[in-house]
Amino acid sequence: MRFEAVFVAGYALLLVGVAAGLHRLGGQDTSPWRSRMLAGHRRRTADPPPDTGSADWPHSEAGRLHTGIALVTAVAAATLSAAEMVRHHRPVEIAVLGAIALTAIAATVRLWAVFAGSRP
Amino acid sequence: MDSSAVTTPRRRDRLIGRGWIQAAALVILFGFFVLVLMGYQTYQSGPPIPERTVTPSGQTVYTRADVKAGQGVFLKNGLMEYGSIFGHGAYLGPDFTADYLHRSAELVNKTYGGTGSGSAAQRTIDDYRVNKYDARTRTLTISDAQAEAFTTMTAYYARFFASPQGKTGLRPKAITDPTQIRQLTGYFAWSAWAAAAQRPGEKYSYTNNWPSEPLVGNKPTADTVLWSAVSLIALLGGTGALFAAFGRWNWLGWHGRDRQELRFREPGSVGLTPSQRTTAWFFFAVVGLFLLQTIVGAASQHYRADLGSFFGIPLDRWLPYNLVRTWHVQLALFWVATSFLAAGIFLVPMITRRRDPKWQAGLAYALLGALVVVVVGSMLGELAGMRGAFGELWSWLGMQGFEYLDLGRLWQILLTIGMAFWVVLLWRGLRHKLATESRANLPWLFFFAALALPVVYATGLLARHDSSFTVTDFWRFMVVHLWVEDFLELFTTVMVAYIFVLLGVVREHIALRVVFLDIVLYSAGGVIGTAHHWYFNGEPASVLALGAFFSAFEVIPLTFLTIEAWTFIRLGARQESKSAAAFPHRWAVMFLVAVGFWNFLGAGVFGFLINLPVVSYFEMGTSLTANHGHAAMMGVYGMLAVGFAMFALRYLVPARRWSDRAAAVSFWSLNAGLAWMVFVTLLPLGLLQLYRSADVGYFDARSLSFVSDSTNTVFEWLRLPGDVVFIVGGIGPLLWLAWLGVRHRGRHAAPLGAGPPASAETPAPAGAVEHGSTGAAAPVEQELVLFTEVVPPAEGVRPAD
């Protein structure tokens with residue numbers, strides 16, 4: 001594989017990972033109450049604040065923002081891999097870039113389903 | 001009874017502990033003390049400009065006057081917006097320090113026998129590294145080979161700048177005067193000498209051995225490596241310490257239960273003052289300037305994808321890269337600043353709940369008119385200035401030429417006066433409120449943060465085109481870093497905190513703690529951290545050390561405050577669920593959510609990626625800088641400026657004409673377009689360029705041949721879809737909403753004072769709920785209705801925070 005193809009393959013794979021990470025981050029409950037950081041504070045306060053879930057606004061929208069950016073990132077990974085296959089297409093390059101492009105497309109489809117399904 | 005007690009309103013008590021104020025004062029004093037010390041070092045330790053540079057036989061090669069005049073030629077032709085000097089400037093053209101150093105060193109090496117000669121390499125290194133500057137006679141002696149290289153390089157730059165074909169991004173025949181070419185070459189030659197000649201008594205050059213250049217023995221210094229490691233430790237240790245302390249003491253105290261109830265009013269039921277209605281025109285100007293900024297940005301991006309022509313049109317004849325890049329950078333500051341000015345004007349009556357003072361709306365229109373004059377005047381000045389207009393007055397009326405301070409001094413002064421005038425407008429609106437408030441409370445902090453903007457911006461006036469570059473760069477970064485990255489950030493925090501207080505979702509004393517924490521954290525890292533821009537521009541190694549260590553702390557508040565912002569916003573969610581009326585500021589808050597996201601990614605992650613000295617050494621002036629710049633500037637200040645516009649437009653546009661769909665399309669398009677720009681083009685290109693710089697050399701990574709090679713070109717073209725989404729989908733709907741704002745200008749809104757006065761039976765302003773009356777004997781005036789009605793907790797229920 002030529003240097004450029006190796007770089008794009010590695011970078012696109014990184015982007016797929018970033019997309020998965022961002023989506024996961026958006027779904028996290030960032031409640032400071034539950035955070036381990038506040039263990040000391042929790043011990044001293046018997047009365048916890050009323051809970052809000054990840055489906056409550058605007059946390060739901062913040063999650064959508066993360067998923068939306070993750071979607072863009074996954075599309076970017078698929079686009080870069082496909083463009084690189086047009087430029088460099090030795091068998092091994094096609095195999096590696098194609099596999100990464102398919103992974104990115106799968107991530108795109110999955111993220112789009114989540115993104116569209118969470119429309120308020 | 002004491003009559004003075006009746007006539008003089010009592011100031012409301014301070015809502016924050018004395019410890020916070022003392023901590024903020026101490027940290028600010030320490031930060032600025034060190035900054036002043038670094039300023040002193042800048043004047044003392046910068047590379048000298050020799051009176052004469054001569055050959056061993058005494059023949060003059062170039063003079064101090066040539067170098068100074070060359071800097072003038074460099075600036076007035078906008079070359080800092082084309083390439084860079086000492087790594088500072090734009091990213092299309094070469095870095096002229098590295099360019100001269102590499103090309104001249106090759107010539108010298110060839111003179112000594114070239115690669116085939118065993119001694120040529122060492123003789124070349126000796127020529128450049130041994131400092132032959134005589135401080136007593138102020139004369140620099142260079143070798144005959146270096147003098148010969150100077151002559152060859154003068155001819156090279158004559159061809160480069162006078163090229164009739166263009167194809168470089170510059171206007172064809174941009175500089176043809178042989179005298180100017182010689183002066184310009186003298187300036188580049190001096191910068192290259194400073195980059196390689198060892199400081200007296202040291203083993204590294206005036207620029208801490210920057211740029212990387214094996215031909216002259218330039219490689220990272222021990223300080224560069226050591227302080228990079230220390231910087232990493234500072235980041236990890238500082239973050240851990242802050243989070244641990246926060247977890248232990250819960251300083252901010254907003255994690256407790258809050259039992260007050262909020263009821264949101266329809267925007268149409270909130271009366272607007274005439275000055276608030278003027279902001280419709282401000283926000284229309286904001287979106288217009290934003291659109292123009294992206295269009296010239298697209299043109300500058302096209303040069304990176306295709307240097308030859310713009311789809312067959314020779315764009316470089318009329319709009320060369322350095323001009324569109326200048327406008328792109330200047331407009332970014334203009335439209336964001338205009339939004340901040342408008343938001344300030346819009347907020348004041350909401351803070352005071354009073355009608356406008358006399359002539360306030362007229363003065364606001366005058367301010368807008370003045371801004372238009374400065375924007376149009378400075379842009380035309382830059383266009384004409386680059387074409388040689390204005391004679392001796394070029395730096396006053398034309399292109400002053402420092403990146404981000406490109407506008408002529410006249411326009412710079414007028415802009416400073418404009419901002420001062422804006423502070424006066426705020427003061428006129430606020431003065432009754434200020435008279436009844438402790439100077440440590442939010443209204444005063446809002447005023448102080450606003451006052452700091454013209455004051456800090458004015459320090460940029462000390463960057464003079466005829467000073468040494470190291471000195472001008474010191475003052476330039478007072479604006480680029482201290483103003484943009486610290487004081488705008490502070491003003492932002494105060495504004496956002498105040499909006500949340502007015503919305504009723506955060507109590508005033510908690511917002512105050514956030515503001516003071518922000519002051520402490522940004523002053524600790526940001527003020528001294530300004531030095532991370534000065535690693536390699538001629539400052540001594542101690543400045544590099546201070547910059548590396550303290551700028552690491554800048555990332556901590558970005559991480560910390562982003563996490564806290566979630567709590568801030570979640571409180572809003574909790575309160576919203578109790579209100580029968582819909583929350584009207586859904587999209588304004590969404591833009592704040594985006595600010596939090598990009599603050600962490602663009603400013604925090606991408607900023608720290610290039611912050612370590614050893615990374616910056618190879619990276620400076622590459623696409624990784626643009627990656628950080630776009631994600632942080634647009635992601636944070638851009639999104640915030642749009643968020644302010646959304647907030648105000650919600651009142652200025654009648655409900656029946658308001659389109660949440662337009663706001664949604666704009667929001668998603670701006671975020672998707674920005675993410676595409678970053679992930680598809682700027683980040684991968686930056687990584688490739690950084691690798692090239694470390695692998696082959698900085699000169700090569702910044703050369704036009706590398707920047708426009710086929711790999712880079714593909715990445716540049718792939719950016720196109722994202723930019724289209726950003727401009728069409730992001731700014732189009734925004735322009736429509738801003739136009740609706742101008743068309744209606746809040747005329748549909750309820751009459752002023754239609755709401756009930758605050759009393760025991762009716763809700764008091766958000767900040768007054770828990771602290772009683774805002775003034776025992778305030779004049780009886782019906783208060784303006786706010787957008788949120790705060791219902792205090794029932795008798796006997798105590799807030800648990």
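- Listed by chain and residue number, nothing satisfies the salt bridge (Lys or Arg N to Asp or Glu O under 4.0 Å) test with A:Arg110 (two or more places apart in sequence, or in another chain).
- Remark: B:Asp306 engages no residue in a salt bridge (Lys or Arg N to Asp or Glu O under 4.0 Å) (not counting sequence neighbours).
- Counting heavy atoms of neighbouring residues, nucleotides and ligands inside a 6.0 Å radius, atom CZ of A:Phe3 exceeds 12 of them.
- A donor-acceptor pair under 3.5 Å links the side-chain atoms of A:Glu93 to the main chain of A:Arg2, judged by distance alone.
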*Run the side chain to side chain contact (heavy atoms under 4.5 Å, CB included) check on B:Phe591 and B:Leu640 step by step: do they pass?*
CA-CA 6 Å; B:Phe591 275 100; B:Leu640 190 70; over 6 Å; no

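- The salt bridge (Lys or Arg N to Asp or Glu O under 4.0 Å) check on A:Arg90 picks up nothing, with sequence neighbours excluded.
- Applying a 4.5 Å heavy-atom cutoff, the residues of residues 674-683 of chain B that approach chain A are B:Ala675, B:Trp676, B:Val678, B:Phe679, B:Val680, B:Leu683.
- At a 4.5 Å heavy-atom cutoff, the contact between B:Trp598 and chain A is made by side-chain atoms alone.
- With a 4.5 angstrom heavy-atom cutoff, A:Leu15 touches chain B only via side-chain atoms.
- In this structure, chain B has heavy atoms under 4.5 Å from both the backbone and the side chain of A:Val75.
- Looking only at distances, no side-chain donor or acceptor of B:Asn712 sits under 3.5 Å from a matching main-chain atom of B:Leu685.
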